[in-house]
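Below is one structure; the comments refer to it alone.
So that the names make sense, note that chain A is the first sequence line, chain B the second, and so on, each numbered from 1. From a predicted model like this one, the values you see are computed outputs, not experimental measurements.
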Amino acid sequence: MAAGGIKGLVRAMSRAEGDEVEDLLARLGAAEEALAEEVRRSRALNRIAEAIGAGHDAETLVQTVVDGGVELTGAQFGAFFYNIVAPDGESYTLYSLSGAPRSAFEGFPMPRNTAVFAPTFKGEGVVRSDDITQDPRYGRNAPRRGMPEGHLPVRSYLAVPVITREGAVLGGLFFGHPQVGRFGARAESLMVGLAAQAAVAIESVRAREAAHAELAQRRDAEERLKFALDSGRLGSWELDVETRAYLASDICKANYGRRSDEDFTFDDLVASVHPGDRDRMTAAIEDAIWHGAEYDIEYRVRAPVGETRWVHARGRAAQTADHGGARRMAGVSLDVTERKRAEERQKLLVNELNHRVKNTLVSVQSIASQTLRTTETPEAFRDAFEGRIMALSHTHDLLTQQNWEGASLREIFDFELEAFAARDRIGFDYDRDLQLSPKATVALGMAVHELATNALKYGALSVSGGEVRVVWAVESGETHESPALRLTWTERGGPPVVAPTRQGFGARLLEKGLAGELSAQVSLAYDSLGLACTMRLPIRALEP
Amino acid sequence: MKTLAALKVLVVEDEALVSMLVEDMLSDLGCVVVGPAAELEEALRLAGSADIDAALLDVNLGGRPIFPVADALKERGVPFAFASGYGEAGLSEGHKGATVLQKPFREADLRKVLESLAAQVA
């Protein structure tokens, strides 16, 4: 130590000289101490500045500032109270502490807007007191007058508002010491500087955090949108009107039969639209660009491979360009091939249904006309007509039950004879049942009805004891003939029958109608034993 | 130009009830029925060689379109009309504009169609 080495010299000096040297030494010591203090402060300031620049979150940043403030001022406690507006709009005061555990504050409410705190929270200026308990502003606010019981023992007090350049109060830095007169003008000016630095840093951290939050929010929203688009199988697209640059999502590309790694330009898109739909599509695009019309269109698409598909595209023009048209268009596209096919199927079905209804009406017209020609009285007409309409209806029931795919020969008999009184007197004899087409079902259904009705009125079933035998078998064709169904309806035990003088509806239907419709050979034999009807029906005309 | 009396009309129809009705109507009108043919092969044979003045064709013959028969008649210059539950919508491109008798039809409708066909008979 330089001063220690000098002490010997001092003893050899005069008293006056000695006093002067003592004084000098004391001043030198004080200067050294002040210098050391200054170095310490400047190091602390550097550390704070570095911490501020390090880009921590607001919490860490504020803690660094408070810790640094305590170090710089020599305070025993430091705190930063700052206002954070919660998402619901309510304002909260949170804090960072230094020199005291958080528990030292936790039992107390947040600082109130008292006379002592008001200048800080309102951003009016610094409050510095050698003994805050002696301050005229202290202890003026009910209910507590002064510090609450158990509060940190604060006498020296320094409070600096932290204010942005725009004048918004972010919060306040508070320092305290249990002894009086600890904070001087130097500490105050250091804290004013620190508060200004903290304000800038907090603001920039908040801006950065807000930007991050917004970015994350957008990313979330984008992800949700993509998820929704993907799960809805919706492709999304964007068209730059001027450059014709086209941005298509993977699903959008897939709608046009392209892989996600394939280039897909707007010209490719237009080229892939079916030529029959292309003009309509480009006109709709133009209309959206120049007149702001809603773009909503369905068109056929010819993928590079595979079949033609249907795409439903919707979109809207955005941002008007200088020339008056739109700058860009954006929208979604959806593969609607399945729906289109279903619509086409439905259209076909409705047409087919209409055709069947019309045909059925002609059948009814024919039955009415022929029944009228062959009956003598309105009562007889009604009786015969109703019976035939019911027969037609039974056949339709049978076919509907089988989805109009046809029915078996035995089923035709069963349906037509279901409500028939003499049903148990009709016996069957056959090796195997036969599946028939809808057309053959309708024709044979009516034939069975005519035979049964005739038997009940004039034939074997008109008397007790009479019977009908139905026999059928498939005959393999003779040399030049195809296989055929041979079916006989033989009545026995009834009255003797004779051929009618005039051909009735039933006989005509059997002998001529079936002959034409099913290429059948039908013969009706009237003899004393009863009626015998023999049919030879080529299998090719019967099968579904 | 012929009158309906003794006009020889080929009937192609695969449903017994319908062809019976048409036969009755034609007989009432004094025409002579040729056929009716219920199968395409028979219809083609009659359309190609039978002695006929006109024809009435069911568009759908057991699931097979009648148009080859119509073509054969056109070739021979025999006037014809289609009878269809589909109306004109059921016609092929080549036969759009042909006379169509929409099913069901009245005897008077059939008479009108036959008269227009008879007018085309040389």
Side-chain angles (χ1 to χ4, degrees), chain A residues 347-348 350-374 388-389 391-392 395 437-447 449-450 503-520 522 538 540-544, chain B residues 9-29 33-46 56-66 82-92 100-111 113:
Chain A
K347 213 171 148 189
L348 274 177
V350 168
N351 275 343
E352 185 53 36
L353 180 67
N354 182 47
H355 181 233
R356 273 190 196 164
V357 168
K358 291 284 167 61
N359 260 354
T360 304
L361 285 174
V362 183
S363 300
V364 172
Q365 184 188 11
S366 177
I367 291 168
S369 164
Q370 293 182 71
T371 306
L372 198 57
R373 283 168 196 264
T374 50
R388 284 163 186 159
I389 296 299
L392 193 59
T395 314
S437 71
K439 191 166 169 294
T441 301
V442 172
L444 281 172
M446 190 55 74
H449 169 78
E450 291 303 319
Q503 193 181 39
F505 171 72
R508 186 181 176 199
L509 181 83
L510 286 162
E511 288 180 323
K512 286 199 174 160
L514 286 190
E517 182 165 353
L518 301 177
S519 308
V522 181
R540 63 176 164 79
L542 297 177
E543 278 176 338
Chain B
V9 182
L10 167 64
V11 176
V12 181
E13 171 59 62
D14 70 337
E15 281 189 46
L17 285 173
V18 182
S19 64
M20 285 156 83
L21 175 71
V22 173
E23 273 183 279
D24 285 349
M25 285 183 177
L26 287 172
S27 300
D28 287 352
L29 293 169
V33 176
V34 180
E39 285 188 306
L40 195 63
E41 289 71 22
E42 172 76 351
L44 276 171
R45 192 181 63 75
L46 292 172
L56 192 63
L57 312 174
D58 179 20
V59 169
N60 192 316
L61 219 55
R64 296 157 81 187
I66 193 72
F82 293 107
S84 165
Y86 292 109
E88 199 164 346
L91 295 189
S92 72
V100 180
L101 197 56
Q102 164 83 55
K103 286 181 184 174
F105 50 83
R106 291 169 297 187
E107 196 174 290
D109 300 323
L110 179 62
R111 176 204 294 273
V113 166

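- For the atom pair NE2 (A/His355) and OG (B/Ser84), the distance works out to 5.5 Å, reported to the nearest 0.5 Å.
- Contact annotation for B/Glu15: both backbone and side-chain heavy atoms come within less than 4.5 Å of a heavy atom of chain A.
- Considering every non-hydrogen atom in both B/Asp24 and A/Gln370, the closest pair reads OD2-CG, 3.5 Å.
- When heavy atoms are compared at a cutoff of 4.5 Å, B/Asp28 approaches chain A solely by way of its side chain, counted from C-beta outward.
- The shortest side-chain heavy-atom distance between A/Glu517 and B/Asp14 does not fall under the 4.5 Å cut-off.
- Among the candidates A/Asn359, A/Leu518, A/Val357, A/Asn354, the residue making the largest number of heavy-atom pairs closer than 4.5 Å to chain B is A/Asn359.
- The candidate with the highest count of non-hydrogen atom pairs below 4.5 Å against chain B, out of A/Leu509, A/Val442, A/Leu361, is A/Leu509.
- The shortest distance between side-chain heavy atoms of B/Leu21 and A/Val362 falls below 4.5 Å.
- Shown here is A/Lys358, whose NZ atom has more than 12 heavy atoms of other residues, nucleotides or ligands within 6.0 Å.
- Scanning all heavy atoms of the two residues, the minimum distance from A/Gly513 to B/Met20 falls at CA-SD, 4.4 Å.
- With a threshold of 4.5 angstrom between heavy atoms, A/Arg356 does not approach chain B through any atom at all.
- In terms of heavy atoms, A/Ser366 sits closest to B/Val18 at OG-N, 4.5 Å.
- Neither the backbone nor the side chain of A/Ser437 has a heavy atom closer than 4.5 Å to any heavy atom of chain B.
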Next item on the list: Go through the steps for A/Gln365 and B/Lys103 under the test side-chain contact (heavy atoms from CB on, under 4.5 Å), then give the verdict.
Entry: CA-CA 10 Å; A/Gln365 184 188 11; B/Lys103 286 181 184 174; over 6 Å; no
